[in-house]
Structure formats: structure tokens, C-alpha cells
Amino acid sequence: MANMDSTAPSSPRDTSCPVHLNKQMQLLHTARNTASFEPFELACLIYGGADVVGNRRAALERVETLIGTRDTSQIPRSYANMNREQAYDEGLEWGKAAFEDGIRFKHDFFAFVTPRFQLVNSSPFGMNTVMFEPAIRLSASAEQQAKWLPLSKSGKIIGAYVQTELGHGSFVRGIETTATWDSDTDEFVLHSPSTTSTKFWPGALGFSCTHGIVVARLIIRSKDYGPHLFMVQLRSLDDGRPLPGVELGDVGLKMSYNATCNGFATFHQVRIPRTDMLMGHASVSHDGTYEGSSHFTQLSYSTMVMVRAIIVKNVVFQLAQAVTIAARYSTVRTQGMGPNGLASAETCLIMYQSQRLRILTLTAKAYAILFASRTCDAEYDALRKQQANGDHTSLPYVHALSSGLKVWTTQTAADGAEDARKCCGGQGYLAISGLPEIVASVTAATTFEGENYVLCQQVGRYLFKCIDQLMQGKPIDYRMAYLAAGYQKWFAASFAASSGANITPCMAFGKEFLDPNTQLSIYRHRALRTVFKAYTAVRSSTKPPLDAWNENMMSIISAARAHTEYMALSFYIKHVQSLPTATSPALTTVMARLCSLFALSNIINPQTLDAISFVEDTHLSSAQLDTIRGLVNELLDQLAPELIALTDAWDFTDASLCSALGMYDGNVYENVMNWIRQIPMNKRAWEENKGVYQPGWKDWIEPVLKAKL
Ligand SMILES: Cc1cc2nc3c(=O)[nH]c(=O)nc-3n(C[C@H](O)[C@H](O)[C@H](O)COP(=O)(O)OP(=O)(O)OC[C@H]3O[C@@H](n4cnc5c(N)ncnc54)[C@H](O)[C@@H]3O)c2cc1C
């Protein structure tokens, strides 16, 4: 039966197998002990030290105990007939517990993820940390920050970030809500002029938030200054009623995110003080004079960069959770007599090479995201320091980096979670596997905070601007040195002239493909080729720029993807090569192999978007691809014994996984049937009617059986 304390032990493992374990539990116990390293060591690497791991565990224990999820012998409430309102009520209960625990025990473990490790905007209290406070910090004046931030941090106001409208999401300049300055009263009047201007989607907007940062067009004396940010109180702090002129509500059931109240709002001539416009970088004085910083646009990008960095850093947990469940399930479930059907005993799923490839490459991708997010964070921190001194030169690079990584990490996590679900066969389709909820919630991140296909084009635009600068003989950001070098060596010399393929075959063979420099050169070649190809196609087109862009959009998206994957691989390699000196040799070896698996499987695995771009110019021959396939198989064999430790290291509690398939004990079948028997429909049928579900049988089935048609 389910385990109350389900995280990886912090002391060396006892490898003897207790006799009371059933077959599945024994299989997982054995697999856990084949690892060459201690998962706790890796957990410390993931979370930043033994202290952090310990404090995190304590926080989870407190919150899970409070919300009643720690006893996993009980079916989670969300799997037992929850309607829309009950789901929201549970979200409120969990959100409050997590928020208050953070304040009381002074930690930020739940600042960006929920106790289920979903992004925190899926909680009714989550918008404060993920959007509301960042927007205040980056767009409000010092005086406004001093007024609003303490209120938000202490939970005295609950925030929402209210930008998207029914008619416009990706295209922010199309927003219709107006904030018109009234010279008589020195106020702004917020108004929704049309149905399409209804604010639609913001997290917590329906019934949780008290305040919203509302994006509206600033109008002064009939002049439209475009979208600006306004702090608007939406509900009474006393009784929660919407303020006069404000209509608020919930957008209804969604694929996921049902624990929060993504909402809609309309404004009917709602008045706010002039001083409630966020005036960090643009201001309106009492005589209606508008002043915008020359860096207004760049500075508004800073909020997006920050939020994207938060997403990049936290979306990894959902992929890691899905992989943890799939890895544990694949270790304990046996199915068939081996690949050729001739094995002497039934075979664990994980012994099948296809299953190994899928689950281990997903594991490698989770670590790739983890390390990429570290670089993204570091770049963002450096940018903030520079911006504090008035230097915005790094912003375009960091904006493109965070955008590219947001796309790549969310897509990788969403696709990966879905494949992990498929790895669990029919049982993965059960709600109680936890996987449908993970898949449905993680996929939302591909849409919000910059829809992925739209964001890819922003990365493309940045890359094109870099090449434009190179064409003019100007320098580009030093972190884009590879593009400058590629330009000198390749593009300027031949590509521009011929606009054809510049075939420089990869010369590596055999084990050389395990060399990170070889791997990087393959990714670099692909990035340069696709970027220059897209650039040439767009810039040399005789069509109007708009049409040229649209016609070549998939090449641009492919180039942005190739560039981002090159960056992600270089970050992964850099981090693996600079692990803390105290890291054990065993873990160092495993991390290096995992990184190689990521690099090489990405080339040969057709699941990768536009994987063909690695080979379409014959940079890699079919013999080389066979070599890579062979090396991937070797890596899979080497890493298979490490799989359970690699997933245990994420240190998820059973309560946070919320999965009958993925519990730490491996007791899958007992756990499934234990929860299934608690489903209200089953309980009711057996407790009240000897296994007959009433009134269904009486009202609908019996009449059919007994009808004389
Ligand atoms: C769970 C969730 C939470 C959210 N939370 C918030 C929130 O807190 N606050 C808030 O303000 N909003 C929020 N949103 C809204 C979200 O930010 C928008 O849905 C998102 O920006 C996409 O905009 P859209 O819905 O208008 O999609 P559209 O822009 O209409 O996109 C639809 C399709 O058109 C394509 N498309 C659009 N423009 C282009 C283009 N230029 N080039 C190529 N293809 C294009 C897209 O790729 C996509 O396939 C949330 C959404 C979700 C799902």
C-alpha cells in the first residue's frame, strides 16, 4: 500500500531486498539499487544543496499534511467526481496553505510551483509572484512599488495580470480596452468598447483577485498612446463584490487549470486615480502631459523576459514528474516474452529498446531543461544589474534567449509528458495515473506568455537583425559569436553568392561522436545553415517583406529552433563540464552520458521537430547516422541501470505526483485497485445496491433490456 514518506533517502542505500515486498515492489527496489550514484547527491545538485532539499521536504510535508494529500492510501479528491466549483475550492485551499507556509516559514518553494509542481499560475493565489509582482517591480515607479509590493507579498491584495482580450492575445497592440484621461477629475476612465475587448483568460481574474494590472490603450485628449499598464482595484476588500462598473466571472471548465479561475472582465466607465497608471517608464502629469522613457519598449520587454525565465525554470518539473511515473511503471510492469517472444519469463517494459529510448531521452531532456534554465537565470540576473545602471545593450540577446528557451522548454516538456503518458499504455490514460492532468496543464505553457509559434518568429527576427548588422560591418552581441564566425567563414563567402547549399561534411567517425565538441559542431552547422538559408530566402525575395516573411515562415521557425537547440546543448555541456568539484565520479560520468544521449538522440529521433534539418544537406552521411544510432544504443545500455535513481533524484513526494502508477514503492497494481475501489461510483454501487449502479440501471438499462421493440 502507498507510502507516507516517499522521497529518496538521504543516507546511502540498503541494497538488500526486504522479503515482504511483492513482485512489483521487488522489481523497483532492485532497479533502484542498480544505480552507480546516490540520488540524494543529484537531488542536492538539482535544488542547490542538502539544506534546500531538507527544507523543501519539510515544507511539502507541512503543506501536504494540512491539505490532506499526504496519506496516499486515500484517493485524491480530484479523482473522485469533482465538479468545476469543487476543483476551484480545492485550488483555493491548496493555494492558501502553500502561500501561508511560505510567509510563515520564510521560503519561496511555492512561489513559482504549486504543491503538485504545476506552474503557480494554475493556483488562484499564484499570479502574485509570477506576473503581478514582476510587473510592478519592472514597470511601476519606486513610490508605487513601495506602496503595492508589500501589500501583494503579504497577501493583503491578490493580483491578476489582465492583458489578453477575447479578440486579441498574441497581438498586444490590437488590444481595445481604453484608459482615457479625464482632465476635469484628473482620473483615468477604463472602458471596454466592444465584446471583443472583454478581458478573457487572466489567471485568478474570475473570483480570486482583488486587484489587476490591466493593459489598456492610454488616450489623452483623443491621442492614442497605445497599450499601458494600470493598477485597478476590481473587488471590494471587505465583501469581495466587484466594484461599480466592473463585471467579472469565470471562463468555465478548461483542459486543466481548473483549480484556478481564469476569468473574464468588462469595464463600464470605471474611474481610477491618474496615479494608478504604472509610471516607472512612462508617466502622465496632472496637466495631461505624457512622458515616455526612450527605453519604454525595451523596458516593457523586461517583464516578459523575467516571466519567461520563470517558466523555463519551472516547467521542467512537470516533465520530470511524467518521466518519474513512466520510469517507475515501466520498471515494474511486465508484458510479453521479450522482443522476439522467446524469453523464458515475462519482460519488464523498460527492457524493450523503444521504451528505453523514449524514457531515457525524456530523462535527458529534463536535465537539459534544468541546465538551460540556469544559464537563462544567470543571463537575466546580469541583465538586471546592467539595466539598473542604465545599460540596456544586453536586452535583445536575453530577450531572444528567454523567448527561444521558453518555446523549446515548454514544447519539449509538453511533448515529453504526452509521450510518457503513452509509455504507460492504457493505464496512462487513467486520470489516476496523474499523467492526463500533467499533460493537460503543461501544454498550456506552450500558449500563454507568448504563443510558441509567434515567439519563434521573434527569435527569427533577432537572428536576422544580427545578420543585418554583420552585413553592415557592425559587431553583434559577444554571446552570438558563433553566428559572427559562421558569417565570416560561410555566409559572406559563398552562401550569399550562390544561395545554395554549402556542404561541409562532418568528418567525425566512431566514438568521436561522443565528444561534446563534435556534437556542438553538428548543432552549430545545422543552426548556421538553417539561419542563413532562411535569411537569404527572406531578404532576397522579390515579394513584399510581409509576403516574403509569411512564405518562409516555417524556415524561420526551423532556424529559430535550430539556434535554440544549439544554445541549449552548449549550456548543457558547459554545466556538465563544470559540476561542483565534490561531485562523485560516478555521477559525473552519468551526467556526461546523459548529455551525450540528449545530443545524439535528438539527431536521429524523428520526434524532434524538423530533425531532418540535421541531415538534409548531407552534412551527416547515412553511415555516420548508423554510427550515432549504435552509440545511442550503447548509451541506453549504460544508462538503463541509472534510470530510477535519475528520476528519484527529483525528490517528488507521492502526494505531489498524485499517481497510482508512479508511487515510490512500485506497488502499482495494489495502488490502482485501492484507488479505483474508492471511486464514488463504485463505492455507491457496492455499498448501496450490491454492485448495481442506480438509478442508471433502473432508468436506462433495464428498460432497454425489457423493451418489446
Ligand atoms: C492557461 C492559460 C492561462 C492564461 N493566463 C493569462 C493571464 O494570466 N493573463 C493574460 O492576460 N492572458 C492569459 N492567458 C492568455 C494567453 O496569454 C493567450 O491565450 C496567448 O497569448 C495566445 O493568444 P491567443 O489566445 O489570442 O491566441 P492567437 O494569437 O489567436 O493564436 C491562435 C493561433 O494563431 C497563431 N498565430 C497568431 N498570431 C500569429 C502570427 N503572428 N504568426 C503565426 N501564427 C500566429 C498561433 O500560432 C496559434 O496557433 C492565458 C491562457 C491560458 C491558456
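In each ligand, atom 1 is the first atom listed, and ligand 1 is the first ligand listed. One is the number of the first residue; the rest follow in order along the sequence.
Nearest non-hydrogen protein atom to atom 25 (O) of ligand 1 is Gly169 CA, 4.8 Å. In terms of protein heavy atoms, atom 5 (N) of ligand 1 is closest to Trp201 O, 3.6 Å. In terms of protein heavy atoms, atom 27 (O) of ligand 1 is closest to Ser170 OG, 4.1 Å. Atom 37 (C) of ligand 1 has Val454 CG2, 3.9 Å as its closest protein atom, hydrogens excluded (heavy atom only). The closest protein non-hydrogen atom to atom 2 (C) of ligand 1 is Phe448 CD2, 3.5 Å.
Not one N or O of Tyr257 is nearer than 3.5 Å to an N or O of ligand 1, by distance alone. At a 3.5 angstrom cut-off on N or O pairs, Glu451 counts as close to ligand 1. Considering backbone and side-chain N/O atoms, Gly203 comes within less than 3.5 Å of an N/O atom of ligand 1. For Tyr453, no nitrogen or oxygen atom sits less than 3.5 Å from a nitrogen or oxygen atom of ligand 1, counting backbone and side chain alike.
Of the charged side-chain nitrogens involved, none lies within less than 4.0 Å of a carboxylate oxygen, so that Glu187 and Arg274 do not count as a salt-bridged pair. We find that Glu449 and Lys406 are not joined by a salt bridge, their nearest charged nitrogen and carboxylate oxygen being 4.0 Å or further apart. We find that Arg116 and Glu437 are not joined by a salt bridge, their nearest charged nitrogen and carboxylate oxygen being 4.0 Å or further apart.
Distance screen at 4.0 Å: atom 33 (C) of ligand 1 has no protein heavy-atom neighbour inside the cut-off. Using a 4.0 Å threshold on non-hydrogen atoms, atom 23 (O) of ligand 1 counts as touching the protein.
Here the OG1-NZ distance, from Thr210 to Lys156, works out to 11.5 Å after rounding to the nearest 0.5 Å. Taking OH of Tyr462 as the reference point, atom CG of Leu483 lies at 8.5 Å (rounded to 0.5 Å).
Across Phe117, Phe109, Phe110, a single residue satisfies ring-ring contact (aromatic ring centres under 6.0 Å, His included) together with Phe317, and that is Phe117.
Remark: Lys465 engages no residue in a salt bridge (charged side-chain N to carboxylate O under 4.0 Å, His left out) (not counting sequence neighbours).
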